[in-house]
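Read the structure below first, then the notes.
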Amino acid sequence: LSHSGGVGALAQWVLVELQGEVEPRQSGDLAGSLLGDLHYTCEGIPVLIVGHHILYGKVVQLEKPFAVLVKEGGAPQPSPAGPHGHYTVTALIKTKLLFKTRPKPIITHVPKKV
Amino acid sequence: SLVIRGEKDEHAVLCSKDKTYVMKIADTSNMLLFVPGCKTPEELNTDPASCNIIHSQIAGFSKNYWELRRCRPKLKKLRKLLMEDPYEGPDSQKDQTLTFSKYTTEDLLSLIQASEEEILHQLQVIDACKIEGYWRILDFDYEMKLLNHVTQLIDSESWPLSKVPLCACLEELGSLEPREMIEHILLSYGRKYVDAAGEVFFEMREDKICRAIAQMLLRNAVKFNLSEFEEVWQQSVPEGMTTRLDQLQGLALVDKSSRPETIFLLKVEDLPEDNQERFNSLFGIREKWTEMDITPYIQDLCAEKQTVGALLTKYARSSMLNGVKVYNSRRPLS
């Protein structure tokens, strides 16, 4: 494994951890779809709006940071000489936004009784 | 940089320059989304102008990840590989034929699941040497032959054991053995130093020499009468050296329950590397062990901050036998 790019700081990513599964509204791929909106309250609490649900989370500093690895090349047939593949460390993740409370539905329009 | 090492039938390990970690896949029922460039509240607070919407892409997601746990380097294989073709000396016919059981540093780095520093350190510990670019272990008989040349010379020259001159050794013994081998045996069994005049000397290691001679005696039979062995052993070591049973820790075991007491060869490096297998093996050899007897045979299993006591608690069960605390297997062994 090696450092991506040259000398200097590695990209810092953030992990967003959700309980359960994420499904696209219409059947189809997740790729390219909008997940939702992320906000922070004045106190720094992350708030995620997914579809018509709202989730409250918290910012957690990871005790054991993650490294994001990207696999490059590597011969399809492992050869006896030399490394068989190459992983590059693309980014480090030291923080995660953990959403583990039950999503609350947002009711935006309550018709008034006439 | 880091390297993942392991053959197809081994568990992958990740190695830094000097440490080894076991790699395990961890599963989570949660979903982990990776967001490059996502800002934390602290980062946004320092930039009050950022009230705009930042479009971030989720780079990917996963439900599992690799976890690293520091582990003991797996070095037993190193000795096994080098024992495929021990060096028997320049006169041996074996080296004439090209055998492929020879390993360079690069070969070892790709075959041994340990970091480079751990491998190089272990090569030193097992007294391996580089001959024509390949790491070799000496055949025991050849090693004892070399040691004998040196101890006999020390005796005939009446040199003090703490001041054996390198140059004189090379001069006197150079006609019998390769100079590299003479120097190697001195380095293996002595501590090198330089005196005020810049001359190289060796302080011979009494414990290591006595231990090697004990091994030479013990390998010829299944077991020995203890008192007979102790007598022969003392007579076999160089003048001025004193033999002690504690020099044989991890090499030989005394059976105090037999009449007369006996001693037999049991080398810790011949035992399994895995913790549970090691304990099974030891309890197969002897049902009940005292802590003092078993410690040399499990010491190398201790993880970074682990004690022998902790290992015994985990893998053995204790009981009292004739007022002495002994350990036996936790499970019935066939």
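Since the model is a prediction, treat every value here as computed from it, not as a measurement. In what follows, chains are A, B, ... by sequence order, proteins preceding strands, each numbered from 1.
In this model, a donor atom of one side chain and an acceptor atom of the other lie less than 3.5 Å apart for B:Glu177 and B:Tyr142.
B:Val22 and B:Cys71 get closest at one heavy-atom pair: CG2-SG, 3.5 Å.
Residue contact with chain B, scored on non-hydrogen atoms closer than 4.5 Å, involves the backbone of A:Gln12 exclusively. B:Ile58 touches chain A through its side chain: at least one heavy atom from C-beta onward sits under 4.5 Å away, while N, CA, C and O do not. Only the side chain of A:Leu38 comes within contact range of chain B, with at least one heavy atom under 4.5 Å from a heavy atom of that chain. Interface residue A:Ile93: only side-chain heavy atoms are found under 4.5 Å from chain B. With a 4.5 angstrom heavy-atom cutoff, B:Leu68 touches chain A only via backbone atoms. Contacts of A:Leu18 with chain B are made by both backbone and side-chain atoms, with heavy-atom separations under 4.5 Å. Neither the backbone nor the side chain of A:Lys96 has a heavy atom closer than 4.5 Å to any heavy atom of chain B.
Ring planes of B:Tyr65 and A:Phe66: perpendicular class, angle over 60° (limits at 30 and 60°).
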Mind running side chain to side chain contact (heavy atoms under 4.5 Å, CB included) on A:Leu62 and A:Thr95 for me, showing each step along the way? CA-CA 6 Å; A:Leu62 293 173; A:Thr95 314; over 6 Å; no

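Qualifying side-chain contact (heavy atoms from CB on, under 4.5 Å) partners for B:Lys63, counting only residues two or more places apart in sequence or in other chains: A:Glu21.
Note on residues 40-50 of chain A: no pairs pass side-chain hydrogen bond (donor to acceptor under 3.5 Å, both in side chains), not counting sequence neighbours.
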